[in-house]
*Asks:* 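I have a structure I would like to understand better, so I am pasting it below and will then ask my questions one at a time.
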Amino acid sequence: MTNKSSFVRRIIGAPFLIGILCGAVAVGTALATFRGSAVFSDIPVGSFYDQAVGEMNAAGIIKGYDATHFGPNDYVTRGQIAVLLKRLRDNLNGVVTASSSSSVSSQVSSSSSSSSSSISSSSSSSAATVANTINGSLHLTATTFTYPDLTPSLSISVVRSGGTQGTVTVKYTVSGGTAVAGVDFSANTATLTFAPGQTTQSFMVQLTKNSAATGGRTINIALSNPTGGATLIDPSSAVITLTHNGIGASSSSSSTAATSGSGGTVTFSALGFGRMENAGTATITVVRKGSTTRAVTVDYATSNGTGVAGSDFTNTSGTLSFAAGETQKTFTVSIMDNTSVDGNRTVLLSLKNPTGGVVFGTPSSSTLTIIDDEMGPDGSGTIVFPSVSFSANNHDGVAYVTVNRAGGANGTATVQYSTADDSALAGTDYVSTTGTLTFNAGEMQKQIAIPLIRHTTAQGQISFSVRINNVTGNAILGAQTQAQVTTQG
């Protein structure tokens, strides 16, 4: 009996377990390429478990003792295996919870004191590398915006790219360029909070109609002080140009910008797209909503996420022209195939420089995931909430709830959604909302917009629920079918 127990302890070592987990993930989900030896000093470069440790660490399924030590030859217990498999299940279902990024190392170290006693404190450089992958990078959607000063307020989006584990915050500042605070706009400094799994947040810039203004004025916005392991990437600052009664910074844009939204709104058709790396190209759809009576244009561009232009995809940019009455345009991104098992990579997509009176809706930025075909075939996916909780500010007038199509994006799939009261009441705090989300082929992430009823007095934190059900197409419904939306204000 003792010999048998010893044998089991030997085979259920960390490298063996990680190999099992990597094999399971290889057919069920997608992870960015990451090598354990790039993070942990005790992982031999090129070892058979080097990539497995890195990918499981990046996914938040397993951690080291600290940021530089993994203990690859230490034993694990049945309890630890249960925790790891639960994290794996959540990862396959696209579910992100606050606990998913916590480390198993504390339990491992308790059963391997001889190894943990030699572990030193983590280095700041390694921690920063892991944080970018796990907790994400924060950025604005563009470096320039143009709006008429007749608009009472502007909504500026902040995007969380890469990892979405844990709660992170970022400070934003609204300050004067040539525009004058208190005369043209309201200066402001505040903090945005991203819940686990949340990829977009927004803040409002309040404008003041200035009858004495005679030309374009500018407002500066900037992001700073990210917390929770998140980092800032470009663009982290931008300039808003205000036009006055059709008088803008240039004659080419002034004639069409007198009325906000007179050309409708443009958005990406999805918050996230996906395409197998051997497909050659990915088609990205941009839609126009609202007024379509005039011709408008909008620029598009790609940039590096975890994917690198020239190695994983071809950087592309251009202009989409919508004629009067047109509501949909597409552009393509060329994808580069390889024969390596190197995980999924992401490409950042952005819209900018709208003309013709068209303005941005949500989302005006998106992500293309290049799916590693060596990790398994594409499927129809599992539709699920990526988080159990979302947050919104009552004064923004809308709450956005994200729904993921994890594990594949073949074909068209739909899912129905509905809201339900908790401490927040429909008709008093929010608008009861039901509908159907349609995931077209290649679309992996969508948003539900739920109108909020603005309060004139502070209400504190209140919440309501959102549920999904009745999936059609070849996709299936995941385990996380209900989420809570908490509003503040």
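We count residues from 1, following the sequence as given.
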*Asks:* How would you list, by chain and number, every residue that makes a salt bridge (Lys or Arg N to Asp or Glu O under 4.0 Å) with Lys352, sequence neighbours excluded?
*Replies:*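 Not a single residue meets the salt bridge (Lys or Arg N to Asp or Glu O under 4.0 Å) criterion with Lys352.
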*Asks:* Show your working on side chain to side chain contact (heavy atoms under 4.5 Å, CB included) between Ile383 and Val403 and close with a plain yes or no.
*Replies:* CA-CA 7 Å; Ile383 296 179; Val403 180; 3.7 Å; yes
*Asks:* Do you know the tightest heavy-atom contact between Ala426 and Ser432?
*Replies:* CB-CB, 3.9 Å
*Asks:* Could you check whether Ser389 and Gln484, counting side-chain N and O atoms only, form a donor-acceptor pair closer than 3.5 Å?
*Replies:*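 No, no side-chain donor-acceptor pair sits under 3.5 Å.
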*Asks:* Is a side-chain donor or acceptor of Thr346 paired with a backbone partner of Thr306 at a separation under 3.5 angstrom?
*Replies:*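 A pair under 3.5 Å: yes.
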*Asks:* Closer than 3.5 angstrom, by distance alone: can the side chain of Arg454 be matched with the main-chain N or O of Asp396 as a donor-acceptor pair?
*Replies:* yes
*Asks:* For the side chain of Thr178 and the backbone of Thr218, is there at least one donor-acceptor N/O pair under 3.5 Å apart?
*Replies:*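 Such a contact is found between Thr178 side chain and Thr218 backbone.
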*Asks:* Taking atom types as modelled, is there a side-chain donor on Asn394 or Thr487 under 3.5 Å from an acceptor on the other?
*Replies:*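 No, no side-chain donor-acceptor pair sits under 3.5 Å.
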*Asks:* Applying the side chain to side chain donor-acceptor pair (under 3.5 Å) test to Thr169, which of Asn225, Thr191, Thr193, Thr227 qualifies?
*Replies:* Thr227
*Asks:* With a 3.5 Å distance limit and no angle check, can you tell me whether Asn304 reaches the backbone of Ala309 through a side-chain donor-acceptor pair?
*Replies:*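 The answer is yes, because a donor-acceptor pair under 3.5 Å joins these two groups.
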*Asks:* Ignoring hydrogens and geometry beyond distance, is a side-chain donor-acceptor pair present between Asn393 and Gln488 at under 3.5 Å?
*Replies:* no
*Asks:* Considering all heavy atoms of both residues, which atom of Leu452 and which atom of Ala392 are nearest to each other, and what is their separation?
*Replies:*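 Looks like CD1-CB, 4.1 Å.
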*Asks:* Tell me whether the rings of Phe331 and Tyr300 are parallel (<30°), tilted (30 to 60°) or perpendicular (>60°).
*Replies:* parallel
*Asks:* Looking only at non-hydrogen atoms, find the nearest pair between Ala399 and Val485 and report the distance.
*Replies:*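 Heavy atoms of Ala399 and Val485 come nearest at CB-CG1, 4.0 Å.
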*Asks:* I need the minimum non-hydrogen distance between Phe439 and Gln445, along with the two atoms involved.
*Replies:* CE2-N, 4.0 Å
*Asks:* For Val431, is there any backbone N or O sitting under 3.5 Å from a side-chain donor or acceptor partner on Thr433?
*Replies:* yes
*Asks:* Quick one: which of Leu223, Val158, Val168 gives a side chain to side chain contact (heavy atoms under 4.5 Å, CB included) with Leu192?
*Replies:*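 Exactly one option meets the side chain to side chain contact (heavy atoms under 4.5 Å, CB included) with Leu192, and it is Val158.
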*Asks:* Identify the heavy atoms of Lys446 and Thr438 that sit nearest to each other, and give their distance.
*Replies:* CE-O, 3.0 Å
*Asks:* Distance only, no hydrogens: is a donor on one side chain within 3.5 Å (strictly under) of an acceptor on the other, for Glu443 and Ser269?
*Replies:* yes
*Asks:* Do Thr355 and Thr297 have a side chain donor and acceptor closer than 3.5 Å?
*Replies:* yes
*Asks:* Is it true that a side-chain atom of Thr330 and a backbone atom of Thr285 form a donor plus acceptor pair closer than 3.5 Å?
*Replies:*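 Checking the backbone N and O of Thr285 against the side chain of Thr330, no donor-acceptor pair under 3.5 Å is found.
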*Asks:* When you measure from the side chain of Lys329 to the backbone N and O of Val298, does any donor-acceptor pair fall under 3.5 Å?
*Replies:*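 No: the side chain of Lys329 does not pair with the backbone of Val298.
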*Asks:* Would you say CG of Asp422 has more than 12 non-hydrogen atoms from neighbouring residues, nucleotides or ligands within 6.0 angstrom?
*Replies:*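 Yes, CG of Asp422 has more than 12 neighbouring heavy atoms, counting only those of other groups under 6.0 Å.
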*Asks:* For Ala230 and Asn135, work out which heavy atoms get closest and say how close.
*Replies:*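 Reported closest heavy-atom pair: N-CB, 3.9 Å.
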